[in-house]
Trainee: 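Below is a structure I'd like to ask you about.
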Amino acid sequence: MLSLLIWVPIIGAGVIAFAPGEVSGARARLGAIGVSGFLIGLSALLLFQFDLGNPEMQFQEYIPWIESLGLNYQLGVDGLSLLLLSLNSLLILISILSSKIDIERPRLFFSLILLIAGGVAGAFVAQNLLLFFLFYELELIPFYLLVSIWGGSRRSYAATKFLIYTAVSGACILLAFLGLVWFSEASTFAYDTLMGQMLPLGLQFVLLALMLVGFGIKIPLVPFHTWLPDTYVEASTPVAILLGGILAKLGTYGIFRFGLGLFPEAWSNLSPYLAIWAAISIMYGAMAAIAQKDIKRMVAYSSIGHMGYILLGGAALTSLSVIGSISQMVAHGLILAVLFNLVGVVEAKVGTRELDVLNGLMNPLRGLPATSSLLVMGAMASAGIPGLVGFIAEFMIFQGSYERFPIQTLLAVVGTGLTAVYFVILLNRTCFGKLDNSTSYYPEVTFGEQVPALILATLIIFLGLQPTWLVRWIEPTGTAMVAAVSTESAAQVATLSVPVVE
Amino acid sequence: MDFANLSAQLNAGAILPEGIVIITLLVTLVWDLIVGRSSTKVTPYVAIVGLLIATGTLFLQWDTTEPISFLGSFNGDAISLIFRGIIAISAAVTIPISIRYVEQSGTSLAEFITILLTATVGGMFLSGADELVMIFVSLETLSISSYLLTGYMKRDPRSNEAALKYLLIGAASSAIFLYGISLLYGLSGGETRLSAITASIISNGLDESLGLVIALVFVIAGIAFKIAAVPFHQWTPDVYEGSPTPVVAFLSVGSKAAGFALAVRLLVSAFPLVSDQWRFVLTALAILSMVLGNVVALAQTSMKRLLAYSSIAQAGFLMIGLIVGTDAGYSSMVFYLMIYLFMNLGGFACVILFTLRTGTDEINEYSGLYQKDPLLTLALSICLLSLGGIPPLAGFFGKIYLFWAGWQAGAYGLVLIGLITSVISIYYYIRVVKTMVVKEPQEMSEAVANYPEIQWNLTGMRPLQVSIVVALVFTSLAGVLANPLFNLATGSVSKTPMLQATEPMTPVVSQAPEQLPMPTVESVDL
């Protein structure tokens, strides 16, 4: 079942790319939509079949592969990865729907997107470190090509920067994995075997630091974030959605799964510093966003701040904060996707992203009223207004981490305040004000272009009003992760095997 | 000595594969003499079939219990089998990609194939040679044929220049190598068999002598020339650029594999007394090769020079396996060589095809190729990305196995440098991919804009296409379905007595706190 999530999109990518004869762009797009629809159905099935009482890996699959390298095809899903997996399926569809109808070189574009879908799904469900790394690195080339072919005017520069940063991140992670396996004298990269490792604390710090750098580049955390504004801004809308919505989550997922999961001792020792780091990231992201003049760049910087909350929740290590962090991964994915989608629509219709030029889009007659109301909703969600999903996640994180790190949490709350500041700036300039009648002849936004934002908006509001639907899947695993850290011995309990092979 | 005893000692069956290659060679030569110019329709295929049969017989000898033949001058053990197989296959892939190239240049194809087969025989004998004279004779067979091949396009001044350069440097390095083994001969009191040299040196009481170290240094110089390791690499870029591309393909794989076979056998069986020293020297060479090869490759504008520096860097990666000297180390080296064979030959096949169409090999001229030739773009991209070690292509698995083996043996420094330099290498490989795939139609280069229509029915085009597709498929799938190759590589090492006798080394670059115990590989218990 999990294998289907990986292989159906990859095979789909192959078919779209290599199908003989002329394949029109519309048909390629339709095929991609079909595949991603199938993925969403599969994810929904997974969600309903998921055993909520069980914090362990479920739907496990195991096929021996290259045993002499300790590399086996080993899959499983738990509360941490389940929702991210579904988010991946959803955002792939959103991304395909937000692509231009007449996009250039459609076959390559859609097959690369599907390749990413398969690779990300694989990384989320891989239960073998090397397998994870394989899928993690699989993203590199498709994203590089997506940015450098379909990007904005400085795409070549942005793509190369992205490539270099990501390659370095990959090397750090590989080094940490190799080090972990060899110093713990394991003969395999299997996650459950490595969870019981008993390395000296000093070594754990080194390996954890390598991992933090590796995943920190991907997330990104300050000061490894400099690739982000360039890449997010230069990437086209669908690619930006994937970059911010999914790829960044691979980093946070990696930190939670491998950093927190494999080095609980070192993690809890480092957690005050991690919380400070998170607070700095949050403040930096918010302040940098305030200074931006380009709405896409502003959204990009907002992402840095929001990823900081996730790290804060992980550092606090209370079950509430960890659950909040995992919810925040999902919430941020949804919110960022809707913001990038709307910014893309605005840019396509108005022709600019400059704050100083945009004005009065709320105008019901000649503006973009539907788009700007959705934008208002997205910005509210991102700023953490109650009733929307962003609030739930952030509230849980703050509530959970305040007891352990009051100062850092307060700083983060101030960061949320600043978020509101720049979103007010953004909305004020773009949506409100007087529309200049002489220049505003904007093409109409078709229903097809609205669909992705509408789907996301529905989810954001629904999950905001009914957060149990978000939290119930996360809760057992989140609680178990924290329990595993607080009691040393629990780390070994978690290695108890679950012989569920599909 | 009765005849039965003599034939048992000769054990001529061990060189049956080489015999088959020699027969093929003679058939090619004689057929060309009889039939004349039109022989080109048959001879390449005869040669390919012969090489494949030779590979098949190598496979049949896999379980041989009597590897020693010709009174100890040739050793057909498992590791030699695998190296001979790699060399034979690399020749078998080189021939189909060279047919069109040689045809188009207007030179005789049969002669080209004959010389190539001679080089192959030399390389194959070198892989199994277990005696100093035998080593030198087969090394020279390989080298002299290679000089001839590099100068084969005799009307092209660049080819002549490359051949002369290669000849001069090669002759010098052969001389140094010969001097090294003559020292070895003297120190051991006239012993030429590798397996007996060490014992003789010890019994002569010369195991601490400076002469042994000097012999070692000279021998390494000779080997490093063959595998193009820095600082014995200076010939590589010039020779690669000037020589006919198919020849370069063979030099970069077949000749390099022969060099590694020689290195394994000579260093392991003749220099165990100074194993720390040779590991130290090779570590230095490996680090230099990885760093210099990868960094200089960044600045190249010619595709062939880029591949030259990339092959220097790849040699550096391969040397990690040799240096660590564990079972895993040797088998990772063999495994990487098998994968390297296909990805590098695939890359060269694509370069040949592009050169045939456009007459250039500048990287800039590849701009926008995807529109005119998707197959070539795809194949070259996959091969280059695999060389760069991008998963899930074969090269990734090869590299990870090498790094794993290196890390396991405690060579952290080497693995670290390997990792860093392979990150660097991704950049220049992907630059080519980017040039081909990303450029817009209006940025298309002139060569690509005037790209001629593909005519697969011309002589030699079909084999070229087939070998590109084979290399493409192998490079994409060999990593994912790596188990048979893994077993082949580990089997070749575990079946070879010579490699089993050696002890695990002490790490050279960064000292591990203590020797790590080797964990046994167990299947995962779920």
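By convention in this document, chain letters (A, B, ...) are assigned in the order of the sequence lines, proteins followed by strands, and residues within each chain are numbered from 1.
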Trainee: Measuring heavy-atom distances to chain B, does A:L163 have an atom under 4.5 Å in its side chain, in its backbone, in both, or in neither?
Mentor: side chain

Trainee: Could you look at A:Y136 and say if it's the side chain, the backbone, both or neither that has a heavy atom under 4.5 Å from chain B?
Mentor: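 When you check distances to chain B, no heavy atom of A:Y136 falls under 4.5 Å.
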
Trainee: Taking atom NZ as the centre, does A:K161 end up with more than 12 heavy-atom neighbours from other residues, nucleotides or ligands that are less than 6.0 angstrom away?
Mentor: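 Yes, NZ of A:K161 has more than 12 neighbouring heavy atoms, counting only those of other groups under 6.0 Å.
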
Trainee: Could you report the tightest heavy-atom contact between A:A171 and B:L419, atom names first, then the distance?
Mentor: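 That would be O-CD1, 4.2 Å.
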
Trainee: Can you tell me how far apart CD1 (A:I141) and CD1 (B:I382) are? Round to the nearest 0.5 Å.
Mentor: 9.5 Å

Trainee: Please determine whether the number of non-hydrogen atoms from other residues, nucleotides or ligands lying under 6.0 Å from atom CD of B:E362 exceeds 12.
Mentor: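 It does: B:E362 CD has more than 12 such atoms within range.
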
Trainee: Which atoms of B:L393 are under 4.5 Å from chain A, going by heavy atoms: the side chain, the backbone, both sets, or neither?
Mentor: neither

Trainee: Measure A:I149 against the heavy atoms of chain B and call it side chain, backbone, both or neither at under 4.5 Å.
Mentor: both

Trainee: Quick one: what part of A:L138 sits under 4.5 Å from any heavy atom of chain B, side chain, backbone, both or neither?
Mentor: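 A:L138 touches chain B through backbone and side-chain heavy atoms alike.
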
Trainee: What part of A:L134 lies closer than 4.5 angstrom to a heavy atom of chain B: side chain, backbone, both or neither?
Mentor: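 Both backbone and side chain.
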
Trainee: Can you tell me how far the CD atom of A:E137 sits from the CZ atom of B:F396, to the nearest 0.5 Å?
Mentor: 7.0 Å

Trainee: Rounded to the nearest 0.5 Å, what's the gap from CD on B:Q408 to OG on A:S187? Could you check?
Mentor: 10.0 Å

Trainee: In sequence, state the C-alpha distance, the side-chain angles, and the governing distance for A:L175 and B:W407, and then conclude on side chain to side chain contact (heavy atoms under 4.5 Å, CB included).
Mentor: CA-CA 10 Å; A:L175 209 58; B:W407 191 277; 3.8 Å; yes

Trainee: Is chain A contacted by the side chain of B:I420, its backbone, both, or neither, given a heavy-atom distance below 4.5 Å?
Mentor: neither

Trainee: Any chance you could measure A:L71, atom CG, to B:I400, atom CD1, to the nearest 0.5 Å?
Mentor: 8.5 Å

Trainee: Taking the side chain as every heavy atom from C-beta outward, state whether B:V437 and A:L108 have any atom pair closer than 4.5 Å.
Mentor: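 Side-chain contact under 4.5 Å: yes.
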
Trainee: Starting from the C-alpha separation in whole Å, work towards a yes-or-no answer on ring-ring contact (aromatic ring centres under 6.0 Å, His included) for A:W65 and B:F397.
Mentor: CA-CA 12 Å; A:W65 192 7; B:F397 289 87; 5.6 Å; yes

Trainee: Do A:L69 and B:F486 have side chains that approach each other closer than 4.5 Å (heavy atoms only, starting at C-beta)?
Mentor: yes

Trainee: Which pair of non-hydrogen atoms, one from B:V438 and one from A:R105, has the smallest distance, and what is that distance?
Mentor: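 Heavy-atom minimum between the residues: O-NH1, 4.1 Å.
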
Trainee: Classify the ring geometry between A:F189 and B:W404 as parallel (under 30°), tilted (30 to 60°) or perpendicular (over 60°).
Mentor: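 Tilted, since the angle between the ring planes falls between 30° and 60°.
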
Trainee: Hey, are the side chains of B:Y401 and A:I66 touching, using non-hydrogen atoms and a 4.5 Å cut-off?
Mentor: no

Trainee: Could you check whether atom OH of B:Y427 has more than 12 heavy atoms from other residues, nucleotides or ligands sitting under 6.0 Å from it?
Mentor: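 No, the 6.0 Å shell around OH holds no more than 12 heavy atoms from other groups.
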
Trainee: Counting only non-hydrogen atoms closer than 4.5 Å, does A:F177 touch chain B with its backbone (N, CA, C, O), its side chain (CB onward), both, or neither?
Mentor: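 For A:F177, neither part sits under 4.5 Å from chain B.
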
Trainee: With a 4.5 Å cut-off on heavy-atom pairs, point out which of A:G170, A:S148, A:A159 contacts chain B the most.
Mentor: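 The candidate making the most pairs under 4.5 Å is A:S148.
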
